[in-house]
Every structure is written in C-alpha cells, then in structure tokens.
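One structure is given below, encoded as structure tokens.
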Amino acid sequence: MRTRTAGAPARAITSEQAAGLVSSGMWLDYGVALGQPDKFDEALAARADPPSNVKIRTCLTMTPRATIQSDAGGKHFHLFSWHFSGYERRQHDGGCCHYIPLNLGEVPDYYRRFIDPVDIAIVRTCPIDADGYFNFGVANLWHRAVIERAKTVIVEVVRSMPYAYGDQNGVHMSEVDYIIDGGDGPLAALPNPPPTDIDRQVARRIAGEIEERSCLQVGIGGMPNAVCTLLLESGIRRLGVHTEMLTDGILALYQAGRIDGAAKTLNRGKIVYTFALGSNELYTAVDRNPDFHCCPVDYTNAPHLIMRNDRVVSINNTTQIDLQGQAASESDGHRHISGTGGQLQFVRGAYASNGGKSFICLASTYEKNGVRRSRVVLDLTPGNIVTTPRSDVMYLVTEYGMVNLKGKSVAERARAIISLAHPDFRDSLEEQARQHRMIPRGVSFDLRAGDQLPVRRNISMNTVFNGGGASDGILAREDRDSVATLTLNRPQQLNALSESMLDALQKELDAIAGDANVRCVVIAGAGKSFCAGHDLSEMRGNARESYYKALFDRCGRMMQSIQALPLPVIARVHGIATAAGCQLVAACDLAIAADTARFAVSGINVGLFCSTPSVALSRNISPKRAFDMLVTGRFIGAATAADWGLINEAVPESQLDACIDRKTSEIVSKSAAAIRYGKMMFYRQKQMELSAAYEFASDVMSRNMMDEDASEGIDAFLGKRRAVWKS
C-alpha cells in the first residue's frame with residue numbers, strides 16, 4: 001500500500017478554515033456515499049467570497065450538497081459523479097451534475113495513472129484509533145488511491161460512523177494535513193421498500209438456481225434484495241458473500257445463520273464488500289464486527305479475483321434489453337440515471353467462476369405518462385448506454401421466465417428474449433424481428449427434425465434444501481394439445497408437499513404464466529392418491545417457529561399463484577386429498593374427481609387446526625360445512641364434495657382421464673383472451689362490494705369487447721361460421 005507524507009503534522013481546524021483553503025479552478029474529491037463530508041460542504045457553500053469553477057468528484061451522494069443548493073446558476077460549483085444516486089440524477093437533470101464513465105473496480109487505477117493529483121481530498125472517517133488510523137467506516141472503494149496523490153488531505157471525523165474491519169480501510173495520521181469535527185449526527189439511510197409481486201416472481205426464478213455453498217454478489221435494487229428474501233424463506237445455507245455493495249438483504253441472511261463463507265477460496269469465513277448502504281441496523285451490525293471485511297473496490301470488483309471463488313452468483317438489474325441481448329442499465333436515452341458500477345465486472349467474474357452464474361433481471365414493462373411500455377425492445381432507446389454487451393449476458397430474467405443466452409445465435413436470442421416480454425408485446429416484437437431478418441423464415445428452434453408432439457419433460461430443480469439432494473423428478477410436466485399437466489411425483493409419500501415439491505410447483509406455475517403455448521393446466525398425483533398434505537416428517541425435523549412461518553407462507557403464495565395464473569387450472573383427484581392436499585383442490589379453478597376419492601382437512605387429528613387450508617376451503621363451501629370438516633377431521637366422499645361445491649363433478653375412476661380431456665378440449669376451443677379477462681375479473685370482483693363489483697365488471701367487459709377475439713367471435717356468430725381466435 002502506497003502512502004503519502006503530510007507536509008506538516010496534522011492539525012485540527014474548523015470547517016470554515018478548511019473551506020477557506022479552496023481556490024477557484026480546484027478539483028475536490030468528496031469520496032463515496034457515507035464517506036462524503038457534510039460540515040466541510042456546508043462551510044464551503046457559506047463562504048462570503050465563493051470561489052468559481054470548483055469541480056467536485058462524488059459518488060452515490062445520499063444527502064443534498066449545500067454547495068450545489070446554494071449555487072442555482074452553477075457559477076461556482078459542479079458535481080462530477082462516478083455513479084448517480086437519486087439526488088445526483090436530479091442535479092444532472094438541472095445541468096449541475098455530470099457523469100464519469102467507468103468500470104467501478106478500475107477507479108483506483110484511474111486516480112493512480114490517469115487523473116491529475118486532486119487539489120483537496122476530504123473524506124469522512126471514524127475518530128482516530130489506537131494505532132493512529134482514521135478508519136473509513138463502511139465506504140472504502142478508492143479513498144486510499146485518492147489520498148496517495150492528493151495535494152491536501154482533510155478528514156472530517158464523525159463519531160457515529162461505524163468502524164469497519166478490512167484491508168486498506170483507513171488513513172494514518174501522518175498522511176493527513178487537517179482534521180475537522182464532523183459531529184455525531186445520524187447517517188444517511190437508503191430505504192429498502194418491500195418487494196413487489198413482480199420482484200418476487202423474478203427473485204423466485206433466480207433463487208431456484210442458487211445452490212448451497214454459492215458465493216453471492218447482490219446489486220442495488222428491489223429485485224436483487226428480493227432474492228435474499230426468497231433465499232431466507234427457502235432454508236438454503238452455507239452461502240458466501242463477495243460483493244460490491246453490502247445490503248440489508250445480505251444482513252438478513254447473515255442474521256438468520258445462512259451465511260458462513262466456509263466454501264470461499266478468498267477470505268474464507270468473511271463477508272467481503274467495498275461499501276455498505278442501507279438501514280441503521282446494517283451500520284450497527286458491521287461496527288467492529290470481524291465477520292465483515294471492507295476492501296478497496298479494485299479487490300472486490302476485479303473479475304480475475306471474483307472468479308477465484310467457486311459458484312459465484314451475480315445478481316443485477318437492468319432497465320432495458322434489446323433482442324440482441326444488450327442490457328442498458330444506466331440511462332434513459334441521453335438522460336443518465338445511475339451508472340455502470342460493477343455490473344459488467346461481476347457478470348464476467350461470475351461467468352469465469354467454477355460453476356458460476358450471472359443474472360440480469362428486469363420487470364417486463366414500465367409505465368410512462370400513463371402508458372404501459374415494454375422494457376424488451378427491438379432496438380435500445382436512442383442514446384441509451386449498453387452496460388453489459390450481448391456477448392457477456394448469461395441468464396436474463398423477467399416475471400415471465402428465464403433464459404440463458406450463452407451460445408445462442410441472434411435468431412435464437414431474439415426468440416428467447418421475446419418469450420420474456422409481456423404477452424401484450426410479443427406479437428409485435430416477433431413481427432419486428434422478422435422484418436429486420438433477426439428471425440429467419442423456415443427455421444424452428446422449438447423441435448428437432450423428427451420430433452413430434454406431445455413434449456414431455458421432467459423438472460429437475462437445482463435448489464437444495466436442508467442438506468438434501470437435488471429433487472430430480474419430484475414434479476413431472478407433460479405438454480400436449482396446449483394443456484400442461486403437472487403431476488406430483490412422490491407416490492411413496494402419497495405426494496406430500498415437501499419444500500422441494502412446493503418450489504417445483506411454484507417454478508412451473510411461473511413458467512406457464514409466460515408460456516403462450518399453454519391454454520390450460522391440470523394438476524394430478526402419481527400413484528395411489530392425489531396429495532396427502534404437507535410432509536410431516538420433514539416438518540418435524542425443523543422444529544422452529546420461523547421455519548414453519550416461512551413454509552406456510554411459501555405454500556400460501558403457491559396456492560395464490562394458481563388463482564393469479566391467467567388460464568384455468570383443473571385438479572385431477574383420485575385416492576385421498578387431505579390437509580394441504582385438500583387446500584390444493586380448493587385453490588384450483590376447477591376440480592374433477594374419481595367417485596372413489598376422499599377429502600379431509602385432517603390436521604385436527606394430530607393436534608393442528610388446518611388454518612391455511614381453511615382459507616381456500618371456506619371460499620369453496622359454506623362456512624358451517626367447512627368448520628365441521630376442520631374441527632372433526634373426518635373424510636367426505638366425492639359425491640358429497642361435489643354436492644358441497646368443493647369439486648365440480650365425481651366420475652367413475654375409469655372415466656376420469658376422459659372427463660378431464662373433454663373439459664380441457666372445451667376450454668382450449670375458447671378464446672384465450674376472453675378467459676384471461678374473465679378469470680382475472682371473476683376472482684377480483686368477489687372481494688368487492690356489489691356496486692364496485694358491477695362497475696369493475698363493466699370496465700373489464702368493455703375492454704374485452706375491444707379485443708380482436710370478441711370482434712371475430714361476434715362476426716362468426718352473425719355469419720354462422722366457426723370463429724378463428726387470434727389468441
């Protein structure tokens with residue numbers, strides 16, 4: 001580590017005296033995030049004789065800069081930022097802040113090789129320690145590199161700054177020219193809003209690909225943090241962390257005992273990061289905690305170092321993706337909104353890691369000026385910056401699916417990426433791709449020569465739970481004639497809903513939601529029975545309230561996904577359907593059972609009231625009948641279940657498949673668009689008051705009337721011909 005030697009021993013001065021050192025035309029460096037000086041900035045803004053043309057380098061400014069706020073015309077001060085925060089974005093819109101392109105992990109080298117020595121470097125630090133160092137706290141990055149060549153170094157000492165252990169995370173008193181008192185006020189926090197439904201859908205796909213002993217890099221934003229939440233709920237353990245930004249999501253995994261770093265090659269047992277930004281709880285947790293290791297950014301972000309850990313998982317956001325696979329993550333046309341940051345370096349480092357995976361995630365749409373728009377586009381918005389080139393993108397994820405672009409031709413990429421778009425935009429995207437010859441005519445990437453429908457495949461889940469093996473074949477999927485049949489495949493356990501089974505179901509339901517080729521879903525059971533509820537032996541092996549809460553929450557989300565799916569779901573029931581198995585029947589839109597099938601919510605027989613199954617059950621049958629089943633645990637037959645409304649009909653077991661086929665054929669023959677409108681409306685209106693329900697139904701039906709399928713259907717009816725649906 002190179003050091004500088006101050007011209008004279010460090011001395012304490014006031015912030016006003018420090019601000020007086022600034023002359024016109026100087027370059028100042030304020031450091032990053034929590035490392036930026038407040039008292040010095042306020043004093044500089046308050047100078048009666050403000051200097052002109054002062055240029056200030058910043059990064060992720062978390063509080064308004066007094067120098068900029070006091071200089072509306074930009075005559076005196078200008079910000080130059082390595083990565084925009086929301087504040088810097090607004091200043092950029094006003095012409096007062098300018099972006100500096102980079103790869104974040106290269107910035108220390110920029111200061112050492114390419115940038116002229118900074119006139120004054122001002123960095124917030126902890127109070128001096130016993131060894132004579134001012135610790136940088138939770139913002140290390142390139143502070144050492146700036147200080148090495150700076151003409152003048154000032155530290156603004158803040159007593160509330162957490163002391164962070166790490167490498168090169170401080171400046172010795174012999175290198176410092178001046179010390180000013182920064183007080184002990186609160187540190188800037190970064191709000192961590194709860195994940196949206198779309199965040200969770202995307203996160204669920206990514207979490208399903210993360211193995212135990214993986215090493216995580218989690219970027220800024222709702223989707224990457226939602227992955228941490230899903231990992232917390234999944235029970236996966238023995239994770240490592242080597243990241244740029246330390247987030248509250250990572251802290252939650254650490255506090256839950258899911259991170260031990262034992263499988264890491266670099267800094268085994270340590271959570272490695274270069275800066276932390278989040279809640280005060282995060283800052284408190286890091287303070288003098290040897291499990292956290294704060295390093296310079298050229299160590300955390302260098303691909304050749306990242307790759308030395310096995311199973312590196314890199315998770316980052318983007319804002320727009322084109323059909324070539326170019327990810328534009330930092331601008332909206334010529335309006336800069338964030339920065340390259342470490343995204344590209346972690347994408348490359350994760351790919352090069354043994355068993356590594358990189359994920360770029362985004363919501364399929366956004367709203368602008370009241371209009372819904374697609375984030376998946378033929379061409380990037382003019383002026384948009386490519387953050388991750390098409391040659392580097394590995395996994396791309398939206399709420400409609402996940403694709404791996406490595407090794408795919410332009411035509412294959414275009415088809416794969418279109419499948420991730422919102423269904424409303426897919427047809428136009430495919431038409432544009434064909435017009436520009438990205439998708440050649442006469443070539444299919446869906447079936448090999450000689451392949452015939454139906455397509456059958458077994459789902460092989462990568463997630464590992466509680467030390468168990470991969471759940472290969474736990475759920476079978478068969479696609480035939482636009483119908484996807486999901487078969488619970490644990491016949492020896494009567495298809496009990498283990499954790500792996502729940503996640504396999506969730507993953508397939510999510511995939512089907514974005515599959516335009518599927519028009520109807522059937523859920524069935526292998527072996528002697530449909531489903532015997534939760535796996536009690538697995539549950540007894542995890543006797544913790546937090547585990548049970550996460551498990552039942554996961555089950556509830558899966559059941560709700562059935563209702564949220566924009567196409568009908570039919571339960572094919574035989575044998576027994578008990579507890580959560582009965583809940584699964586009730587959660588489906590339709591249910592057809594063998595006349596020998598039996599149903600019960602039997603938790604009461606083992607000392608449990610089936611609370612979560614009661615939600616779906618009580619929405620299917622009358623309260624008194626539901627409560628009777630819940631407090632007695634007794635079985636009812638298929639005829640009674642049909643009479644009570646739990647199932648649609650009971651048929652001889654020999655006729656069960658034929659009856660299911662007739663029902664699915666009838667559904668598939670109808671307009672998919674009409675069913676999509678109808679299912680959404682049907683469930684939502686049930687929660688409304690009567691007048692609101694009618695108003696909502698009127699709105700939906702009006703939109704449905706404008707659909708091309710409605711136009712075709714009415715024309716066909718009047719013309720006495722068979723309708724040809726567009727959807």
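The structure presented is a predicted model; accordingly, all values stated were derived computationally and were not measured.
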So, Glu211 and Arg311, do they make that salt bridge, N to O below 4.0 Å? no
Side chains of Thr300 and Glu244, donor plus acceptor under 3.5 Å: no
For the residue pair Ser329 / Gln343, report whether a side-chain donor-acceptor contact shorter than 3.5 Å exists. yes
Could Lys270 and Tyr165 be counted as a cation-pi pair, given that NZ or CZ must be under 6.0 Å from the ring centre and within 45° of the axis? no
Is the Phe84 ring parallel, tilted or perpendicular to the His92 ring (thresholds 30°, 60°)? tilted
May I ask you to establish whether Arg57 and Trp82 are in a cation-pi arrangement, using a distance under 6.0 Å from NZ or CZ to the six-membered ring centre and at most 45° from the ring axis? no
Under a plain distance cut-off of 3.5 Å, with no hydrogens placed, do Thr63 and Arg65 share a side-chain donor-acceptor pair? yes
Cationic N near anionic O, under 4.0 Å, Asp503 to Arg554: yes
On the 0 to 90° scale, with breaks at 30° and 60°, tag the Tyr299-His242 ring pair as parallel, tilted or perpendicular. tilted
With rounding to the nearest 0.5 angstrom, report the OH to CG distance, Tyr283 to Leu246. 9.5 Å
Should the pair Asp298-Arg112 be classified as a salt bridge under the 4.0 Å nitrogen-to-oxygen rule? yes
If you measure from the Lys or Arg side-chain nitrogens to the Asp or Glu carboxylate oxygens, is any gap between Arg434 and Glu430 under 4.0 Å? yes
